[in-house]
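Below is a structure I'd like to ask you about.
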Number of protein chains: 2
Amino acid sequence: MPKVSQNKAEIILQAALKQFAENGFHCSPVSQLAICADVGVGSIYRYFKDKDALIHAVFKHVDSQLQQAVSRDFDAGLSAQKQHIQLIVNLIYYLKEHPHEFKFLEQYYSSPYGSEEKHAKFLRSEINEPPNPFVSLFANICQKNQQKLPLPLYLAMTFGPVIFVLRDALSGHVDLDDVLIEQIAAASWRALET
Amino acid sequence: MPKVSQNKAEIILQAALKQFAENGFHCSPVSQLAICADVGVGSIYRYFKDKDALIHAVFKHVDSQLQQAVSRDFDAGLSAQKQHIQLIVNLIYYLKEHPHEFKFLEQYYSSPYGSEEKHAKFLRSEINEPPNPFVSLFANICQKNQQKLPLPLYLAMTFGPVIFVLRDALSGHVDLDDVLIEQIAAASWRALET
DNA sequence: CTTTCCTGAATGAACGTTCCGTCAGTTATA
DNA sequence: TATAACTGACGGAACGTTCATTCAGGAAAG
C-alpha cells in the first residue's frame with residue numbers, strides 16, 4: 001500500500017465533480033461529498049487542503065480532459081473553415097455527453113474561483129502549456145485573410161452560441177441533435193466571414 | 001404587499017440588487033442587505049416572506065425594466081436586419097450600462113430560482129404578457145424567408161454572443177466600445193443568413 | 001390609548017474544519 | 001516463524017462560526 005492511495009483521491013474528485021455539478025458549490029457540504037465518495041469527512045482533508053483546493057483540483061482535472069477532447073482528430077492541413085467547424089463540433093459533442101463537466105465549468109468560471117483563469121487561457125500566450133487549438137486557429141485566420149477580426153468578437157461568436165445552446169440542451173428545453181450541432185458550427189463560421 | 005410603505009420596499013429591492021450582483025446570493029447575508037438598505041433585519045421580513053421571495057422580487061423588477069429598454073425605439077416598419085441589429089444593440093447597451101442588473105440576471109437564470117422562468121419567456125407564447133420583441137421578430141423572419149430556421153439556433157446565435165461579450169466586458173478583459181457592439185450585432189445577423 | 005411600523009438580540013440549524021481513537025499493514029526483535 | 005512495537009491512513013464526533021429567521025419590545029402615527 002502506498003502512503004496515499006492514488007485511487008481514493010480520484011474517487012473523491014469524481015464524487016465532488018458530480019455533486020458540484022448537480023447541487024452547486026454552496027449546496028454541496030463536505031459531509032455530502034464524503035457520503036457520495038463513500039469516505040470519511042476527515043479523509044477529504046487528507047487529500048485536499050480545504051474545500052477550495054478541492055474545487056480547484058476538480059477544475060484542473062476537468063479542464064485537461066476537455067482540452068484533449070476538443071483537439072481530437074484536429075488536422076492543421078484542412079481549411080480554416082473546416083478546422084473551425086471541427087473544433088466547435090468536438091466541443092459541443094464532448095460537453096453534451098459530459099453534462100457534469102459542463103455545469104461544473106460554468107460554475108467555476110463564473111465564480112471568484114475561475115475569474116482569472118478564464119482569460120489567462122486566451123489573452124496570455126503562455127509557454128509550457130499545450131497550445132490551445134482555438135487560439136492557433138484564430139491566429140491562422142487573422143493571418144490568411146488580412147481582415148482585422150478582433151479576438152473578443154471571435155470568442156463571442158464562437159463560444160457564446162455553444163454555451164447558450166448547451167445550457168438549453170441540459171435543461172431539457174432543446175433537443176441538441178446532430179443537425180442542430182452542425183447548424184451552430186456553420187452559423188458561427190458565417191458570423192466571422194466578411 | 002399589503003399596507004406598507006411603498007418606498008422602503010423599493011429601497012430594499014435596490015440594495016439587494018446591488019449586493020446580489022456584487023457578492024452573489026450566497027455571500028449576501030440578510031444582515032448585510034439590511035445594512036446596505038439602512039433598515040433593520042426584521043424589516044426585510046415585513047416586506048418579503050423570506051430571502052427567496054426577495055430574490056424573485058428583484059428579478060421581476062429587473063426583468064420588466066430590461067424588457068422596456070430593449071424595445072426602445074423599436075420600429076416594426078424597418079427591415080428584419082435593421083430590427084435585429086437594433087434589438088441587439090439596445091440589449092448590449094442597456095446591460096453594459098447596468099452591470100448589476102446583468103450580473104444579477106446571470107446568477108438568477110443559472111440558479112434553481114430561474115431555471116423555469118428562462119424558457120417560459122420564449123417557448124410558451126403566453127397571453128397577458130407584453131409581446132417579447134425578439135419573439136415577434138423571429139416569427140417575422142421565419143415568415144419572410146421560407147427558410148426553416150430553428151428557434152434554438154436563433155436564440156443561441158442572438159443571445160449567446162451578447163452574454164459572452166458582456167461577461168468579458170464586465171470582468172474588465174474586453175473594452176466593449178461602440179464599434180465592437182456594432183460588430184457583434186452585424187455578425188449575429190450574418191450567422192442567421194443562408 | 002390603539003395600532004402600525006420597525007429594530008436587533010436571540011435562536012437554532014447547517015456548515016467547514018479539526019482532532020483524536022482505531023486499526024490494517026509494516027518493520028523490528030528474538 | 002511468532003510476537004511485539006510502530007506507523008500513518010481513516011472515520012466521524014465535536015467545535016466554533018455563520019447564516020436565515022423570529023419575536024419581544026420600543027418608536028411613531030392616528
Side-chain angles (χ1 to χ4, degrees), chain A residues 1-61 103-104 107-108 110-114, chain B residues 1-61 103-104 107-108 110-114:
Chain A
M1 284 281 175
K3 279 194 164 189
V4 169
S5 123
Q6 62 269 44
N7 194 25
K8 195 153 265 192
E10 184 73 24
I11 288 170
I12 293 170
L13 233 39
Q14 289 296 339
L17 169 61
K18 183 172 148 70
Q19 284 292 313
F20 288 148
E22 288 176 357
N23 298 104
F25 297 147
H26 286 284
C27 296
S28 299
V30 177
S31 59
Q32 186 59 42
L33 301 179
I35 291 170
C36 186
D38 198 31
V39 152
V41 178
S43 298
I44 291 177
Y45 286 87
R46 168 164 301 278
Y47 293 94
F48 305 96
K49 185 181 159 290
D50 52 22
K51 197 180 174 182
D52 280 14
L54 174 57
I55 290 171
H56 281 112
V58 172
F59 169 74
K60 234 181 130 179
H61 189 252
K103 291 214 82 177
F104 176 86
Q107 241 184 114
Y108 183 82
S110 66
S111 74
Y113 300 111
Chain B
M1 288 163 222
K3 35 189 166 186
V4 280
S5 144
Q6 181 64 28
N7 195 24
K8 196 154 264 190
E10 184 73 21
I11 289 171
I12 293 170
L13 232 41
Q14 289 297 339
L17 169 61
K18 183 172 147 68
Q19 285 292 313
F20 288 148
E22 288 175 359
N23 298 104
F25 298 148
H26 286 284
C27 296
S28 299
V30 177
S31 59
Q32 186 59 43
L33 301 179
I35 291 169
C36 187
D38 198 31
V39 295
V41 178
S43 297
I44 290 177
Y45 287 86
R46 167 164 299 278
Y47 294 93
F48 305 96
K49 183 179 160 291
D50 55 21
K51 197 181 175 183
D52 281 13
L54 173 57
I55 290 171
H56 281 112
V58 172
F59 169 73
K60 234 181 130 180
H61 188 252
K103 291 214 83 178
F104 175 85
Q107 241 184 113
Y108 183 82
S110 67
S111 74
Y113 299 113

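Proteins get letters first, then strands, A, B, ... in listed order; numbering begins at 1 in each.
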Kindly assign one of parallel, tilted or perpendicular to the pair A/Tyr108 and A/His56, based on the angle between their ring planes and the thresholds 30° and 60°.
-> perpendicular

Taking only the side-chain heavy atoms of A/Tyr45 (C-beta and beyond), determine which of C/dT18, C/dC6, D/dG11 contains the nearest atom.
-> C/dT18

Whole-Å distance, A/Ile55 CD1 to C/dT17 P, equals 10 Å

Give the nucleotide from the list D/dA9, C/dC6, C/dG16 with an atom nearest to the side chain of A/Val30.
-> C/dG16

Would you say a side-chain N or O of B/Lys8 is under 4.0 Å from OP1 or OP2 of C/dC5?
-> no

Length of the CD-P vector between B/Gln32 and D/dT17, whole Å = 19 Å

Measure the distance from CG on A/Asn7 to C1' on D/dC10 and round it to the nearest whole Å.
-> 15 Å

Can you tell me the distance, in whole Å, between the CZ atom of B/Phe20 and the P atom of D/dC19?
-> 13 Å

A/Tyr47 side-chain proximity, nearest of D/dT21, D/dA9, D/dG11 = D/dA9

Rounded to whole angstrom units, what separation is found between the NZ atom of B/Lys49 and the C1' atom of D/dT22?
-> 13 Å

Selected nucleotide, minimal atom distance to B/Val39 side chain, candidates D/dA9, C/dT7, C/dG16 = C/dT7

Minimum side-chain heavy-atom gap B/Ile11-B/Asp38 below 4.5 Å = no

Round to a whole Å and report the spacing from CG of B/Asp50 to P of C/dA13.
-> 18 Å

Candidates C/dC15, C/dT17, D/dT21 - which lies nearest the side chain of A/Val41 | C/dT17

With a 4.5 Å heavy-atom cut-off, do A/Gln14 and A/His61 have their side chains touching?
-> yes

C/dG8 C1' sits how many Å from B/Ile44 CD1, rounded?
-> 12 Å

Do B/Val30 and B/Tyr45 have side chains that get closer than 4.5 Å, going by heavy atoms?
-> yes

On the 0 to 90° scale, with breaks at 30° and 60°, tag the B/Phe25-B/Phe20 ring pair as parallel, tilted or perpendicular.
-> perpendicular

Separation of C/dG16 P from A/Phe25 CZ (nearest whole Å) | 13 Å

